[in-house]
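What follows is a single structure, written as C-alpha cells, with notes after it.
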Amino acid sequence: MSPNMPKTPPRQIRIGDTWYDFDAAAKAMGTERAAVIRELIDWYIREPGAKLPARPAREIVEAARAAREGGENT
C-alpha cells in the first residue's frame, strides 16, 4: 500500500456550495471535514461513547460564505 492510499474507499455525496463553508468551519476548529463527518455518523448510529463534534461560531461560517460569494462575483 502506498503512503497516500487511504484505508477506506471514498464515498460520493452531493451537498452544494455549503460544502466550502463546512470546510472553512472545520479548519477553524482545527480539524477536517472527513473527521467531522465520521464523528457525526458515529453519533447518529449511536456508537458507544460517540459525541457530537464541537461547532464553530456562526461568524466563522458567515465570513467564509461572504468570502466565497464575493469571489464568485468578481
Side-chain angles (χ1 to χ4, degrees):
M1 183 180 331
S2 70
N4 292 330
M5 181 71 121
K7 294 180 182 177
T8 58
R11 308 287 192 248
Q12 289 187 344
I13 58 173
R14 291 194 170 120
I15 294 176
D17 287 341
T18 56
W19 184 246
Y20 305 110
D21 302 336
F22 180 42
D23 185 48
K27 286 177 180 173
M29 298 299 290
T31 189
E32 57 186 30
R33 292 178 291 205
V36 176
I37 291 168
R38 285 190 299 268
E39 289 179 32
L40 286 168
I41 290 170
D42 287 347
W43 170 82
Y44 192 83
I45 64 171
R46 299 179 183 267
E47 285 293 325
K51 295 180 181 167
L52 282 172
R55 298 186 333 179
R58 181 67 188 159
E59 293 79 18
I60 292 170
V61 177
E62 290 170 348
R65 183 169 293 152
R68 178 175 48 81
E69 290 173 349
E72 289 178 352
N73 296 329
T74 58

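Just so it is clear, the structure is predicted and the values come from calculations on it, not from any experiment.
If you chain together hydrophobic residues whose side chains sit under 4.5 Å apart, Ile37 and Leu52 fall into the same group.
With values rounded to the nearest 0.5 angstrom, Leu40 atom CG is found 11.0 Å from Arg38 atom CZ.
Shown here for Ala25 and Ile60, the closest heavy-atom pair between the two residues is CA-CG2, 4.2 Å. Across all their heavy atoms, Glu32 and Ala26 have their closest contact at C-CB, 3.8 Å. Of all heavy-atom pairs spanning Arg68 and Tyr20, the tightest one is CD-CB, 3.6 Å.
With Arg11 contributing its side chain and Pro9 its backbone, the two residues share a donor-acceptor pair below 3.5 Å.
Side-chain contact between Arg65 and Thr18 is present, with heavy atoms from C-beta onward closer than 4.5 Å. Put simply, the side chain of Phe22 does not reach to within 4.5 Å of the side chain of Ile15, judged on heavy atoms.
A salt bridge links Asp23 with Lys27; the closest basic N to acidic carboxylate O contact falls under 4.0 Å.
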